[in-house]
Amino acid sequence: MTAPPTVTASGLALHHRGVRAVDGVSLELGRGVTGLLGPNGAGKTTLLRILATATPPGSGALSVLGHDPGTVRGRREARRALGYLPQDPGFHAGFTAFEFVDYVAVLKELTDRRTRHAEVRRVLDAVGLAEVRGRRIRRLSGGMRQRVALAAALLGDPAFLVLDEPTVGLDPEQRIRFRELVAEAGEGRTVLLSTHQTEDVAMLCGRVLVMDRGRVRFDGTPAELTAAARGRVWSSAARSPGALAGFRTGSGEFRNIGDPPAGAALLEPTLEDGYLLALDGAGAVAA
């Protein structure tokens, strides 16, 4: 039997200072990791805040884990079963890693001290911070701070995990470690990962959404988004004037994306190529 969707949204919209931050978004999310790509100002963070019940939509219908966040009871029940890692976790730098996660656990209504502390130790262990849980957050590296925030999001073993730009500022080694944690988190639960890193989506996600100007422009698999750029990427000795984008590679040749001229030397596309074409409004399957 197919499991019911974790999230069902229909016609979500929110205007902010005259701007359509989210403009009629409808989607369903099930188990696994879904990537959310889009340029700055696309509405990704606003959409994530709505799905995480942190911001109510201006209009539309939303169900999170079978609950209606538009009601006090539904919002409370949804929040008990979801984890949210915002762009700015709002660290109290004077707290230790343990104290910060314990503080979040209190906010999540884990009131029994012994049970709560056992859960805090569990999630810190899960993200590899057992040995530094007594260290103050201001003395932790950027990668460790992100893991502290992920530990807080994992409290209570949530069925729905919302991650907003979790790899920003991480070096390559830290990003690989974080990918491991997100992949593990995606086993048996629903994860929505907003990122600017197409490599993270290619590595982790079975599904990808591309958002621009408040709307979902593409909804499919990473392979489908990549395939949408096939025949539209080519090399040349100079940048093609009609290309949507083009840059000189290490070999000295230019890599161009757009509508190739006749006889162009076509290249194998990447996920990033498909993403750029989706933003251009052409070359990608309509959502």
### Message
Within this structure, what is the SG-CG distance for the pair C205 and L193, rounded to the nearest 0.5 Å?
### Response
5.0 Å
### T270 and D273 side chains, donor-acceptor separation under 3.5 Å
yes
### Query
Between D102 and R116, is the closest basic N to carboxylate O distance under 4.0 Å?
yes
#### Entry: Spatial distance of atom NE2 (H117) from atom CZ (R113) [nearest 0.5 Å]
4.5 Å
### Message
In the structure I gave you, are the side-chain heavy atoms of V208 and T221 within less than 4.5 Å of one another anywhere?
### Response
no
### Message
Just to verify, what does A54 make a side-chain contact (heavy atoms from CB on, under 4.5 Å) with, not counting sequence neighbours?
### Response
R49, Y84
### Task
Classify the ring geometry between H92 and F100 as parallel (under 30°), tilted (30 to 60°) or perpendicular (over 60°).
tilted
### Query
Hey, what do you get for CG (L124) to CD (E131), rounding to the nearest 0.5 Å?
12.5 Å
### Query
Do the side chain of T71 and the main chain of D68 share a donor and acceptor less than 3.5 angstrom apart?
yes
### Task
Check whether V19 and L48 end up in the same hydrophobic cluster, where Ile, Leu, Val, Met, Phe, Trp and Tyr are linked by side-chain heavy atoms less than 4.5 Å apart.
no
### Query
Is the closest side-chain heavy-atom distance between L12 and L62 below 4.5 Å?
yes
### Task
Indicate yes or no: does D164 engage K44 in a salt bridge with an N to O separation below 4.0 Å.
no
May I have the list of side-chain donor-acceptor pairs in residues 24-41 shorter than 3.5 Å, sequence neighbours left out?
unit_1	atom_1	unit_2	atom_2	d
S26	OG	G11	N	2.8
N40	OD1	H196	NE2	3.0

### From CA spacing to verdict: side-chain contact (heavy atoms from CB on, under 4.5 Å), L279, V210
CA-CA 8 Å; L279 294 181; V210 177; 3.8 Å; yes
### Query
Hey, quick one: are L107 and V101 part of the same hydrophobic cluster, counting side-chain heavy atoms closer than 4.5 Å, chains of contacts allowed?
yes
#### Entry: From CA spacing to verdict: side-chain contact (heavy atoms from CB on, under 4.5 Å), D125, R133
CA-CA 9 Å; D125 289 352; R133 64 190 182 202; 4.0 Å; yes
### Query
Near R20 CZ, under 6.0 Å, is it more than 12 heavy atoms from other residues, nucleotides or ligands?
no
### Message
Taking Y103 as the starting point, is it possible to reach V148 by hopping between hydrophobic residues whose side chains are less than 4.5 Å apart?
### Response
yes
## Note on the structure
Rounding to 0.5 Å, atoms CZ (R80) and CZ (R75) come to a distance of 12.5 Å
### Ion pair check, E253 and R248, cut-off under 4.0 Å
no
### Crowding at CD, E119 (>12 non-hydrogen neighbours, <6.0 Å)
yes
### Message
Nearest 0.5 angstrom please: L150 CG to L181 CG, how far?
### Response
6.0 Å
### Query
Between atom CZ of F254 and atom OG of S240, what is the distance when rounded to the nearest 0.5 Å?
9.5 Å
### Query
In terms of side-chain heavy atoms, does T249 have a donor or acceptor partner in R255 at a distance below 3.5 Å?
no
### Query
Members other than L266 in its cluster, when Ile, Leu, Val, Met, Phe, Trp, Tyr link by side-chain heavy atoms under 4.5 Å?
W234
### Query
Salt bridge check: are R207 and D219 linked by an N-O gap of less than 4.0 Å?
yes
### Query
Is there side-chain contact between R239 and F247, with heavy atoms separated by less than 4.5 Å?
no
### Query
Does the pair E268/R230 count as a salt bridge with the N-to-O cut at 4.0 Å?
yes
### Message
Looking at every non-hydrogen atom in both residues, tell me the closest pair between P69 and T53 and how far apart they are.
### Response
CB-CG2, 3.8 Å
### Message
Between S63 and T8, is there a side-chain donor-acceptor contact under 3.5 Å, judged purely by atom types and distance?
### Response
no
### Query
Is any side-chain heavy atom of D259 less than 4.5 Å from a side-chain heavy atom of R232?
yes
### Side chain proximity check, R189 to F160, heavy atoms < 4.5 angstrom
no
### Query
So which heavy atom on A149 is nearest to which on P89, and how close?
CB-CG, 3.8 Å
### Query
Got a donor-acceptor contact below 3.5 angstrom from the R217 side chain to the M211 backbone?
no
### Message
Show the nearest heavy-atom pair for residues L204 and A183, with the distance to one decimal.
### Response
CD2-CB, 3.8 Å
### Close side-chain approach of E199 to R175, heavy-atom, < 4.5 Å
yes
### Message
Testing the basics here: between L14 and G58, what is the closest heavy-atom pair and its distance to 0.1 Å?
### Response
CD1-N, 3.5 Å
### Candidate pair R122 and D157, rule side-chain contact (heavy atoms from CB on, under 4.5 Å), full reasoning
CA-CA 10 Å; R122 182 189 71 82; D157 195 23; 4.2 Å; yes
### Task
Side-chain contact test, heavy atoms from C-beta onward, threshold under 4.5 Å: evaluate it for R138 versus F91 and give yes or no.
no
### Task
Could you tell me which non-hydrogen atom of P166 sits nearest to which non-hydrogen atom of L85, and how far apart they are?
CB-CD1, 4.5 Å
### Message
Quick one about T167 and D200 (side-chain donor to acceptor, distance below 3.5 Å, no hydrogens or angles considered), yes or no?
### Response
yes
### Message
Determine whether L161 and T190 satisfy the following criterion, side-chain contact (heavy atoms from CB on, under 4.5 Å), listing intermediate values before the conclusion.
### Response
CA-CA 6 Å; L161 194 57; T190 301; over 6 Å; no
### Message
Would you say that V123 contacts V127 through its side chain, given a criterion of any heavy-atom pair below 4.5 Å between the two side chains?
### Response
no
### Task
For residues E165 and Q146, report the shortest heavy-atom separation together with the two atoms involved.
O-NE2, 3.8 Å
